[in-house]
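Inspection log for the structure reproduced underneath, given as structure tokens.
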Amino acid sequence: MALDLERVRHQFPALAGNAVFLDNPGGTQVVKNCLDRMLDYLIEANANHDGAFKTSRESDALAARARQAAADFLNARPEEVVFGANMTTLTFHLSRSLAPRLGPGDSLVVTRLDHDANISPWLLLARDRGAEILWVDFHPEDGTLDLADLDRALEKKPKLVAVGYASNALGTINPVADIAARARAAGALVFVDAVHYAPHGPIDAAALGCDFLACSAYKFFGPHLGLLYGRRELLEELPAYKVRPADDRVPFRFETGTPNFEALAGLLGTIEYLEELGTRFGEDPEAEPADDPSGRKRKLRRAAAAVRAHERTLAAAMFETLQAIPSMKIFGLTDPARFDERVATFSFRLGDVPPRRIAEELDRDGIYAWDGHYYALETVRRLGLEDKGGMLRVGAVHYNTLEDIARLGRSLARIAKA
Ligand SMILES: Cc1ncc(COP(=O)(O)O)c(C=O)c1O
């Protein structure tokens, strides 16, 4: 069954106003159940962990529930889920644990289609360990990764391949399972940045065959909290940078300091919302997820199917709307027959109008969108736009409507004429 947009939007207090949120790739609005759980936690159970009293016990119980929910969301085991401040912090932290595996003569693969949070940690690790960086390019004409370039890099037997699930600049979904298989065959570990993909589709860390995968709850309707999946055997093997009294078991030894319990509560609330979405809407997955005693994985996949179907409609409408604007240049995949390979994130330029000015003009019409490089520095450089103000990005998620896109079209038509 298709999404009931009115019902969906009702769950997001921030959507009650008149603004059109197309800044979603930078961060989504927060679902009510997340807010409720955060507030409840801070009022009812706020305490540090591992104490001999009620609120502390409740805090630990809540963290365990949030971890199980996150594991179901990623199709992983709870002990494979590490929480942290955000994806960037978790990635830097992990890179430090991987450092002893690298030395001169070794190499790491990064791509020009990635957000800098999946590039800089690896550049700095390579610098510190005297290792080489191998760059994988993308095709500037359609924003897809150059897999021949990847294969060439893999001939050098790199130690790690860092790749994004979807581009936060161009919206391309990378064939991550295929990339992971090629990388593994070459003996590399695989790190997947799923931050941009997470609000748009199901994540199945086990099926992807990756070693690590990171995402961020504030990009999928939740609080500011990072999630890192790590294959259990690897997490067991890697050295952890931790204080001595802290729990030495996996995954806790990779979590520094006091957990952000209110964010964990919020994450649980967010995943409960998605689960509820899957109870009402979407189609049953083709294959029943294994190891799913609560049935949550199945519901989350149903929710992802409903979200994906609605977003496909939004992507098609957004593309048509943008294309109808004079002097529009859209970057990335523009062939509607291939829209399964992208999410509804579009970056464009409008004649000579600086992207910052477009963003300001859109804001006058109550439409929020990002301009610049949005930390996809290499992508914007490769497109020759770094010193030209980058691009203007609009990104839809499941709570956006066709009316949002119609308003975008009217506003852009005004800006193009001015
Ligand atoms: C694709 C992608 N990766 C990584 C990040 C960084 O995530 P965080 O803010 O959780 O560090 C972002 C944030 O914009 C992103 O879009």
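Positions are given from 1 along the sequence. Atoms within each ligand, like the ligands themselves, are counted from 1 in listed order.
- The salt bridge (Lys or Arg N to Asp or Glu O under 4.0 Å) test with D137 singles out one residue from R381, R382, R152, and that residue is R382.
- Donor-acceptor pairing under 3.5 Å is recorded for the side chains of Y399 and N24.
- Listed by atom number, the atoms of ligand 1 under 4.0 Å from S216 heavy atoms are 8 (P), 10 (O).
- When the options V161, L145, L150, N174 are evaluated for a side-chain contact (heavy atoms from CB on, under 4.5 Å) with T111, the one that passes is L145.
- Close approach of ligand 1 to N86 is summarised as follows: ligand atoms under 4.0 Å from at least one heavy atom of the residue are 8 (P), 10 (O), 11 (O).
- By the 4.0 Å heavy-atom criterion, K219 is counted among the residues contacting ligand 1.
- For ligand 1, the polar-atom distance check finds an N/O of M87 within less than 3.5 Å of one of the ligand's N/O atoms.
- Ring orientation note: the planes of F254 and H93 are nearly perpendicular, at an angle over 60° on the 30°/60° scale.
- For ligand 1, the atoms lying closer than 4.0 Å to a non-hydrogen atom of N168 are 1 (C), 16 (O).
- Judged by the shortest distance from any of its heavy atoms, D193 lies inside the 4.0 Å radius around the atoms of ligand 1.
- Here the CD1 atom belonging to I405 is positioned 8.5 Å from the CZ atom belonging to F346, to the nearest 0.5 angstrom.
- Counting protein heavy atoms only, atom 15 (C) of ligand 1 is closest to H115 CD2, 3.2 Å.
- Heavy atoms of T88 found under 4.0 angstrom from ligand 1 belong to the backbone as well as the side chain.
- Within ligand 1, counting atoms from 1 as listed, the ones closer than 4.0 Å to a heavy atom of V195 are 2 (C), 3 (N), 4 (C), 5 (C), 12 (C), 15 (C), 16 (O).
- Relative ring orientation between H398 and F221 is described as perpendicular, the plane-to-plane angle rising above 60° on a 0-90° scale split at 30° and 60°.
- Under 4.0 Å from ligand 1, the heavy atoms of Y218 that appear belong solely to its side chain.
- In the displayed structure, W122 atom CH2 is contacted under 6.0 Å by more than 12 heavy atoms of other residues, nucleotides or ligands.
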